[in-house]
Amino acid sequence: MIRDLIHDIVAKSLVSLRESGKLPMIDLPAFDVERPQIAEHGDYATNAAMKLAAAVRATGEKANPRALGETLAAHLRETVDLVPAYDLIESVEVAGPGFINFRLKPAWLLRQARQVVDDAAHFGAINIGRGQKVNLEFVSANPTGPVTIGNGRGAFIGDTLGNVMRAAGFEVTKEYYFNDSGAQIEKLGRSMEYYLRLALGESDTVKPDEGYFGPYYENVAQRMLDAGAHTSVSTETPKPRSRRKKSPEAPTEAPDARAMLTLPEGERAARIGKAAAAVIMSDIRQTMARLHIEFDIYFNEADLTTSGAREEGIEALRAAGFTKEEDGALWAKTTAFGDDKDRVLLRSTGGPTYFASDVAYMRNKYGRGFERLILVLGPDHHGYIGRLKAISGMLGHSVDDVEILLYQLVTIKIGDEVMKMGKRLGNAITLDELYEDVGPDVARFFYLMRSSDSQLDFDLKLARKQSEENPGLSVQYAYARAASVFRKAADAGYTAQEYEKANASALLTDPTVPANAREHALALMRQILRLEEIVERVALAREPHHLTRYGMDLSEAYHRFYETNPILKAGTDVAQPTRLARLQLMRAAQVGLARTLTLLGMSAPERMEREQIAEPAKQAE
RNA sequence: GUGCUCGUAGCUCAGUGGAUAGAGCGUUGGCCUGCGGAGCCAAAGGUCGGAGGUUCGAAUCCUCUCGAGCACGCCA
């Protein structure tokens, strides 16, 4: 990465200056290399001189950051001239309170176009993760209904973060935890029993006081009956564990819903609930798949209960001395690791709590060799951070090996009208409905435009627009436009081989290229090369929203380049080497756009369908 | 009551302790009519909620304060 290279150059210069006595013998301070906000300040800047001044002052000596900057800059200029590998730097200047600004060589920048094109499939990939095994859990919505637009935020954040962390060299497993056992499943079972009986014509059936109701559940009931109709009758308890191992994608064998209605009172609700949950789980998977959210593992909580893992987890805590009995219940001493109160593992009535499953699940994850566990959770899980970290501590890991990423609420806005919603309000919009409305790509982009810490107002009116005002589409438009130019170029007899191997510095040597065209070409290259820095930042800070911002910046730079650097435009006379150079830059931009879109989980379309524009007659002949 | 998040342009929001605080949408003005076409260029618009503090330097860190949202079960 260019930034690291510059950091390295500066660090070496500081050491060298200290050895030659031009700096006092002090511990060299940490310093930053970053992109200045203002283009006139160059490509990169470092605050090394100011940090150095502060370090010198700390020893009681006087120090002038500006003067130190001059000393450092002078040494840097010499170094850059001497070392061939540093040939990318055009100038080193001191500015403001003591910043040192670096400017990159135009010829070097343009040379990178070919590198980018040659590395099309992996451009942007870095290796800061060094293969660290990371478990990334997200969505994990209960299989008691369709996924809502609220859950959706976790879905897109998790999926994209996973993509980017992989590109950054982490070994990421994306995981969905299905809470498919326990009281809520029984509640679902009671609701479904009602709908099943209703569907079978038992008009005297009684609706439970509370539960899951609505057309969706009627539909689930119908599908349960349809599926059971052509399956052998079996009320045997299924073995979820072995089934999952066989094939996580295989549809569950459909138990006969009618037969389940005859089960004894005690097990009926649980069995029906489980069967219904299986149907809902397959719906959820389908929702995820069509939005291009990919999980490596769908983990069923039931596996923890049937395998005895939950009891083993409790035993492990007991053996480690983190349990206590009080008021007839068994508690975990989570306060030992910073939680604000201890948590119950086994209720005084005997049954294990949800928390006991959490313990078993985390133990399972560590058992699979993950070094770091990331959980993407909704705003209602704020209270869980302390206890989850405490589990990590009790299991002998650092509390910091568990990271909780909380995202804030989602609302839908149409024009100026903000719709508040929630399951409780009964007007929760499902992710499927949003998919139908705006498609997977725009949905993904809009969800990722905001920092997770901010509330998300999803602007449906803007999302529905099929023009470049729609920021989600603008990145794809840029890609498609480039594709169109390449098609035209092929028609005109240019081969990819020809321009991909061309020398882009023709843009510097051709006197007919206007200055602003050259500037926009260089600006485009700078923007393309920024992708690696974005990948690093997203991966380390766990903030996927920077990628959408970058996508907008890149497509804007692309458009400016496109407007000022004609290639095949009628009526323009462009020298052949310049034409090839521009094609190469455009290809590099397309690579950057494609990589950005891919990381965002969006498609990179060769053609875009536009809204039907009223374009009468003319085209007819 | 306690805790967490947020408060930045008309709206929705970026902003890694650094220089003149940015983008999209919206608004206004100009250009353009076809390499992808609803495009391009430009402008206006800010006491970064408020007050102290730390620092060479604060939208960013600390304290207090005001406002908004959410969470605080032997529920799952």
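All chains are named by letter (A, B, ...) in the order of the sequence lines, taking the proteins before the strands, and each is independently numbered beginning at 1.
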- Which heavy atom in A/K51 sits nearest to a heavy atom in A/A30, and how many Å separate them?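 In this case the closest contact between A/K51 and A/A30 is CG-O, 3.4 Å.
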Side chain of [X] - closest among [options]:
{"X": "A/P36", "options": "B/G15, B/A19, B/U12", "value": "B/A19"}
{"X": "A/R481", "options": "B/C70, B/G39, B/A14", "value": "B/G39"}
{"X": "A/I38", "options": "B/A19, B/A14, B/C13", "value": "B/A19"}
{"X": "A/A45", "options": "B/C13, B/A23, B/A19", "value": "B/A19"}

Would you tabulate the nitrogen or oxygen pairs shorter than 3.5 Å linking the protein to nucleotides 73-76 of chain B?
unit_1: B/C74; atom_1: O2; unit_2: A/S348; atom_2: N; d: 2.9
unit_1: B/C74; atom_1: O2; unit_2: A/S348; atom_2: OG; d: 3.0
unit_1: B/C74; atom_1: N3; unit_2: A/S348; atom_2: OG; d: 3.3
unit_1: B/C74; atom_1: N4; unit_2: A/D327; atom_2: O; d: 3.1
unit_1: B/C75; atom_1: OP2; unit_2: A/R347; atom_2: NH1; d: 3.4
unit_1: B/C75; atom_1: O5'; unit_2: A/R347; atom_2: NH1; d: 3.2
unit_1: B/C75; atom_1: N4; unit_2: A/Y384; atom_2: OH; d: 3.0
unit_1: B/A76; atom_1: OP1; unit_2: A/R347; atom_2: NH1; d: 3.0
unit_1: B/A76; atom_1: OP1; unit_2: A/R347; atom_2: NH2; d: 2.6
unit_1: B/A76; atom_1: OP2; unit_2: A/R347; atom_2: NH1; d: 3.0
unit_1: B/A76; atom_1: O2'; unit_2: A/Q184; atom_2: OE1; d: 3.1
unit_1: B/A76; atom_1: O2'; unit_2: A/Q184; atom_2: NE2; d: 2.8
unit_1: B/A76; atom_1: N6; unit_2: A/Y384; atom_2: OH; d: 2.0
unit_1: B/A76; atom_1: N1; unit_2: A/Y384; atom_2: OH; d: 2.5

- Side-chain donor-acceptor pair under 3.5 Å between A/Q408 and A/D453, yes or no?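 The criterion, which ignores hydrogens and geometry beyond distance, is not satisfied for A/D453 and A/Q408.
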- Query: Any side-chain donor paired with an acceptor under 3.5 Å for A/N516 and A/T564?
  - Reply: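 A/N516 vs A/T564: no donor-acceptor pair found between side chains.
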- What string of B, S and - do you get for nucleotides 5-10 of chain B 5' to 3' if you count protein non-hydrogen atoms under 4.0 Å? SS----
- salt bridge (charged side-chain N to carboxylate O under 4.0 Å, His left out) with A/R3: which residues, sequence neighbours excluded?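 Only A/E536 meet the salt bridge (charged side-chain N to carboxylate O under 4.0 Å, His left out) criterion with A/R3.
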- Under the salt bridge (charged side-chain N to carboxylate O under 4.0 Å, His left out) test, residues paired with A/R487 that sit two or more places apart: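 Salt bridge (charged side-chain N to carboxylate O under 4.0 Å, His left out) list for A/R487, sorted by chain: empty.
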- Contact under 4.0 Å: A/H545 side-chain N or O vs B/G15 OP1/OP2: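 So the side-chain polar atoms of A/H545 do come within 4.0 Å of the phosphate oxygens OP1 or OP2 of B/G15, strictly under.
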- Query: Does a nitrogen or oxygen in the side chain of A/K488 sit under 4.0 Å from OP1 or OP2 of B/G36?
  - Reply: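 True: A/K488 side-chain N/O within range (under 4.0 Å) of B/G36 OP1/OP2.
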Just the table, please: protein N/O against nucleotides 25-29 of chain B N/O, every pair under 3.5 Å.
unit_1: B/G26; atom_1: OP1; unit_2: A/E469; atom_2: OE1; d: 2.7

- Decide, yes or no, whether a salt bridge links A/R35 with A/D43 under the criterion of side-chain N to carboxylate O below 4.0 Å.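 So A/R35 does not pair with A/D43 through a salt bridge.
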- Test: A/D340 and A/R343 ion pair at under 4.0 Å: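 So A/D340 pairs with A/R343 through a salt bridge.
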Filtered N/O pairs between nucleotides 41-48 of chain B and protein, under 3.5 Å:
unit_1: B/C41; atom_1: OP1; unit_2: A/R560; atom_2: NH1; d: 3.1

- Message: In terms of relative ring orientation, are A/Y447 and A/F156 parallel, tilted or perpendicular, with 30° and 60° separating the classes?
- Response: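 Correct class here is tilted.
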- Looking at A/Y212, does the NZ or CZ of A/K187 lie under 6.0 angstrom from its six-membered ring centre and within 45 degrees of the ring axis?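 The answer is yes, since A/K187 meets both limits relative to A/Y212.
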- Message: Whole angstroms only, please: what is the NZ-P distance between A/K569 and B/G34?
- Response: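 To the nearest whole Å, that distance equals 7 Å.
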